[in-house]
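Here is the structure we will look at, set down as structure tokens.
Reckoned from all heavy atoms, side chains included, excluding hydrogens, waters and symmetry mates.
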Amino acid sequence: MTDINVPELGESIIEGTLTSWLVKEGSSFQAGDNLAEIETEKITIEIPAQSAGTISKILVTEGSTVKVGEVIAQFSQGGEATTSQPSKEKKEETSAPSSKAVEEPKLEKRADNQQKNSEQTLSNFDEPTDKEGERSVPMSKLRQTIARRLKDAQNTAAILTTFNEVDMTAIMALRKKQQASFQKKHGVKLGIMSFFVKACVQVLKELPEINSEIFEDKIIYKNYFDIGVAIGSEKGLVVPIIRNAENLTNAEIEKNIIDLATKANTNKLAMKDLSGGTFSITNGGVYGSMMSTPIINPPQSAILGIHSIIERPIAVKNKVVIRPMMYTALSYDHRLIDGKQAVTFLVRLKEILEDPKVD
């Protein structure tokens, strides 16, 4: 019998939640097959099998907190399982409705309500409550971390938000003109995010305070540009990093974003994908947001919020015209960044985006 242990979960992380077993007692697996998933405060980690075998005994149930090095199961290399599965009769007895449930319409109604809400149910954690139509679900490690970090940001930084708007006419025309050739050449679509990443990098070079952070009684200026891109995955909000964005083309940025989004939605993000970052961008427009006040991702000092592109009437050369407009919002730490710098950032961003270039 060989033990299955909780692997290293990342720097300074000593525990996580075993969210799901991907195998059952008695089932066989091959080397490299994923056996279980453990969610930490930052990422979800899959535990791969080091060799082929058969699960003999699962020692830790789904939803349990586990520590690095803890034995969570045992397996036999090759051969058959040493433990038997529950009998068919027992399964049928467990799944059969009790007479009490039949006798009490209220319980039937509660079950119906839970069935109606099944699309929002977490199978590993869903627990009934005494009150009809409610259920109790423990917060995931990732959600706890999101809650803590966002509240820490509000408690620590003096957050202020300033707004501007961008006429997206030129970017949309450029995308339409070059989309086919761009996609044929690079194998990826020309989206709007690469324009914003490149524009932000250009302005951050001009306003280094916005690409810096406060550490104790010092200001740390970053001479590199690692841009965080907020992604809303099924597990929660994550902000993976595009490294050295100042050296990347539009195509390389778009490929980076697709790769990071795919990793986020398939629980493949590694610690290196989330560590660091000098500035962040969050796109509420993908959900239809017209305007928002984003919260800083500490220890960064600022975050740009971009939003839906909406056709609105604006005045151009004394004439009212309809243009595709986007509101932009910069939330910043007023302890380090003054209003003049924040406003200048959005003004310069507007200028660059309204005269776009593709490389």
Side-chain angles (χ1 to χ4, degrees), residues 149-171 192-230 239 241-242 244-246 253 276-285 289-310 312 314-317 323 325-357:
R149 286 176 60 84
L150 294 181
K151 191 58 183 174
D152 285 347
Q154 288 183 322
N155 292 340
T156 302
I159 301 177
L160 188 64
T161 305
T162 188
F163 302 91
N164 209 318
E165 63 181 0
V166 177
D167 184 343
M168 298 292 290
T169 300
I171 286 180
I192 68 168
M193 281 300 295
S194 59
F195 290 100
F196 276 88
V197 170
K198 292 182 70 66
C200 283
V201 168
Q202 186 173 334
V203 183
L204 291 172
K205 290 179 179 179
E206 301 171 9
L207 301 167
E209 289 81 6
I210 300 179
N211 199 54
S212 63
E213 69 179 63
I214 294 176
F215 178 73
E216 297 177 347
D217 60 348
K218 300 179 180 64
I219 300 174
I220 301 177
Y221 290 92
K222 311 294 180 66
N223 294 319
Y224 56 93
F225 304 88
D226 289 350
I227 308 300
V229 179
V239 189
I241 311 300
I242 299 176
N244 300 116
E246 70 275 18
I253 292 172
T278 62
F279 181 84
S280 292
I281 303 174
T282 179
N283 183 5
S289 173
M290 182 179 180
M291 185 180 292
S292 67
T293 55
I295 299 178
I296 295 169
N297 184 27
Q300 298 170 23
S301 296
I303 180 171
L304 176 71
I306 63 178
H307 304 92
S308 296
I309 301 172
I310 301 174
R312 292 190 281 111
I314 63 170
V316 177
K317 297 181 179 179
R323 293 287 177 86
M325 304 298 294
M326 175 195 286
Y327 288 118
T328 56
L330 183 74
S331 289
Y332 59 98
D333 190 345
H334 211 349
R335 297 177 301 164
L336 175 60
I337 302 168
D338 294 329
K340 177 183 178 181
Q341 295 162 325
V343 172
T344 300
F345 179 94
L346 289 182
V347 169
R348 286 289 294 124
L349 188 75
K350 175 183 174 69
E351 293 171 352
I352 294 167
L353 291 171
E354 291 182 353
D355 184 23
K357 297 176 178 60

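Of the inter-residue distances, the one linking M291 atom CE with I310 atom CD1 reads 9.5 Å to the nearest 0.5 angstrom. Of the inter-residue distances, the one linking I227 atom CD1 with I241 atom CD1 reads 8.5 Å to the nearest 0.5 angstrom. Atoms CD and CD, on E246 and Q202 in that order, are 13.0 Å from each other to the nearest 0.5 Å. If you take CG on N297 and CD1 on I303, they are separated by 6.5 Å, rounding to the nearest 0.5 Å.
Side chain to side chain, N211 and T278 meet the donor-acceptor criterion of an N or O pair below 3.5 Å.
In this structure the side chain of R348 never reaches within 4.5 angstrom of the side chain of L207, judged on heavy atoms. Between L304 and L346 there is a side-chain heavy-atom pair separated by less than 4.5 Å. H307 has its side chain out of reach of F163: every pair of non-hydrogen atoms, C-beta onward, lies at least 4.5 Å apart. The closest side-chain heavy-atom distance from T156 to P298 is not below 4.5 Å. Counting heavy atoms from C-beta on, the side chains of N283 and F196 never come closer than 4.5 Å. Side-chain contact between Q154 and I295: present, with at least one pair of heavy atoms (C-beta onward) separated by less than 4.5 Å. Contact check for D167 versus M325: side-chain heavy atoms found under the 4.5 Å cut-off. Within the 4.5 Å cutoff, side-chain heavy atoms of N244 are placed close to those of D226.
Here the closest non-hydrogen pair linking G276 and Q300 is O-NE2, 4.0 Å. Taking both residues in full, the closest heavy atoms of I337 and A302 are given as CD1-CB, 4.1 Å, listed atom of the first, atom of the second, then distance. Between L353 and F195, the closest heavy-atom pair is CD2-O, 3.7 Å. When all heavy atoms are compared, the tightest approach of A199 to I352 is CB-CG2, 3.8 Å. In plain terms, the two heavy atoms of A329 and T161 that are nearest each other are CB-CG2, 4.0 Å. Considering every non-hydrogen atom in both A153 and I159, the closest pair reads O-CD1, 3.8 Å.
Applying the salt bridge (Lys or Arg N to Asp or Glu O under 4.0 Å) criterion to K357, with sequence neighbours excluded, gives D355. Considering only residues two or more places apart in sequence or on other chains, F345 meets the ring-ring contact (aromatic ring centres under 6.0 Å, His included) condition with F279.
Contact check on E165 versus R312 returns a salt bridge, with a Lys/Arg side-chain nitrogen under 4.0 Å from an Asp/Glu carboxylate oxygen.
When atom types are taken as modelled, the side chain of S280 and the backbone of V229 share no donor-acceptor pair closer than 3.5 angstrom. Distance alone, capped at 3.5 Å, is enough to place a donor-acceptor pair between the S331 side chain and the P294 backbone. Side chain of S301 to main chain of S212: a donor-acceptor pair is present (N/O by atom type, distance under 3.5 Å, no hydrogens or angles).
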* To do: Quick one: do V239 and T282 satisfy side-chain contact (heavy atoms from CB on, under 4.5 Å)? Show the steps, please.
  => CA-CA 9 Å; V239 189; T282 179; over 6 Å; no
* **Derivation and outcome, side-chain contact (heavy atoms from CB on, under 4.5 Å), residues M193 and I253** => CA-CA 8 Å; M193 281 300 295; I253 292 172; 5.7 Å; no
* side-chain contact (heavy atoms from CB on, under 4.5 Å) between I210 and V203: does it pass, once the steps are laid out? -> CA-CA 9 Å; I210 300 179; V203 183; 5.9 Å; no
* To do: For M326 and I306, run side-chain contact (heavy atoms from CB on, under 4.5 Å): C-alpha distance rounded to whole Å, both residues' side-chain angles, the deciding distance at 0.1 Å, then the answer.
  => CA-CA 7 Å; M326 175 195 286; I306 63 178; 3.7 Å; yes
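Each side-chain hydrogen bond (donor to acceptor under 3.5 Å, both in side chains) pair with one or both residues in residues 336-346, not counting sequence neighbours, appears once here: E209-Q341.
N155 CG: more than 12 foreign heavy atoms inside a 6.0 Å radius.
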